[in-house]
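Heads up, the thing below is written out as structure tokens.
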Amino acid sequence: MKNIDHTSNCIVAENKKHKKKQIKLHCSNKLVSVPVEKIVRLEGDCNYTVVHTQTKRYISARTLKHYEGILDDTYFIRIHKSHLVNILHAKGLDIQANNSAVAFDGGKNIEISRRKVKSVIEKFSFYNK
């Protein structure tokens, strides 16, 4: 069994050929490069993070706070204590008095924390102009 710290390395690197940023994750004993623009959302689960792309899911032994620190806060926003979303993949906001959410393709809605609703609305209104 491998040491979790050894398998949890992640790197944000810029691909010199394509000028695109990527995250390198250790998954299933191999290194996987995930382009940052393909990441739809990240979901925290204790000391693990599930990285959701448009087609796949990857499990990393890093915290959500770690990814919040290395991903560009221009596009990634923390909407809940266990969710970090890429606003470029969001389809819209469902703002209600008691329950607000970010809508994604396929009918998936991620709840927004009450304390973060104002900052999420500001970020979305900035990108919708």
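Residues take their numbers from the sequence shown, with the count starting at 1.
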>> Could you walk me through whether Thr53 and Val40 satisfy the side-chain contact (heavy atoms from CB on, under 4.5 Å) test, starting with their C-alpha distance in whole Å, then the side-chain angles of each, then the deciding distance to 0.1 Å, before giving a yes or no?
In response: CA-CA 5 Å; Thr53 65; Val40 175; 5.5 Å; no
> So Leu31 and Leu25, side-chain contact (heavy atoms from CB on, under 4.5 Å) or not? Walk me through it.
Replying inline: CA-CA 6 Å; Leu31 192 63; Leu25 302 168; over 6 Å; no
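Contact of the Val32 side chain with the Tyr58 side chain is registered, since non-hydrogen atoms from C-beta on lie closer than 4.5 Å. Counting only heavy atoms from C-beta outward, the side chains of Val50 and Tyr48 never approach each other to under 4.5 Å. At a threshold of 4.5 Å between non-hydrogen side-chain atoms, the residues Phe76 and Ile87 do not count as touching. Ile23 has its side chain out of reach of Val51: every pair of non-hydrogen atoms, C-beta onward, lies at least 4.5 Å apart. Using a 4.5 Å heavy-atom threshold, the side chains of Leu84 and Arg78 count as touching.
Checked against side chain to side chain contact (heavy atoms under 4.5 Å, CB included), His80 has the following partners two or more places apart in sequence or in another chain: Ser82, His83, Ser113. In this structure Asn109 satisfies the side chain to side chain contact (heavy atoms under 4.5 Å, CB included) test together with Ala101, Ala103, sequence neighbours excluded.
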Donor-acceptor pairs under 3.5 angstrom involving side-chain atoms of residues 90-99: please list them, not counting sequence neighbours.
unit_1, atom_1, unit_2, atom_2, d
Asp94, OD1, Gln96, NE2, 3.4

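Atom CD1 of residue Ile77 and atom CG of residue Asp72 lie 12.0 Å apart, to the nearest 0.5 angstrom. The CG atom of Asp45 sits 10.5 Å away from the CG atom of Leu64 when rounded to the nearest 0.5 Å. Between the CZ atom of Arg62 and the CD1 atom of Ile70 there is a distance of 8.0 Å, given to the nearest 0.5 Å. The CD1 atom of Ile39 lies 5.5 Å from the CG atom of Leu71; values are rounded to the nearest 0.5 Å. To the nearest 0.5 angstrom, Leu88 atom CG is 6.0 Å from Tyr75 atom OH. With rounding to the nearest 0.5 Å, the separation of NZ in Lys123 from CG in Asp73 is 5.0 Å.
Side-chain atoms of Arg114 never come within 3.5 Å of backbone atoms of Val117 as a donor-acceptor pair (strictly under, hydrogens ignored).
Just one residue in the list His89, Arg57, Lys108, Glu43 forms a side-chain hydrogen bond (donor to acceptor under 3.5 Å, both in side chains) with His52, and that residue is Glu43.
Side chains of Ser33 and Lys24: a donor on one and an acceptor on the other come within 3.5 Å. Side chains of Tyr67 and Ser60: a donor on one and an acceptor on the other come within 3.5 Å.
Scanning all heavy atoms of the two residues, the minimum distance from Val85 to Arg41 falls at CG1-CB, 4.0 Å.
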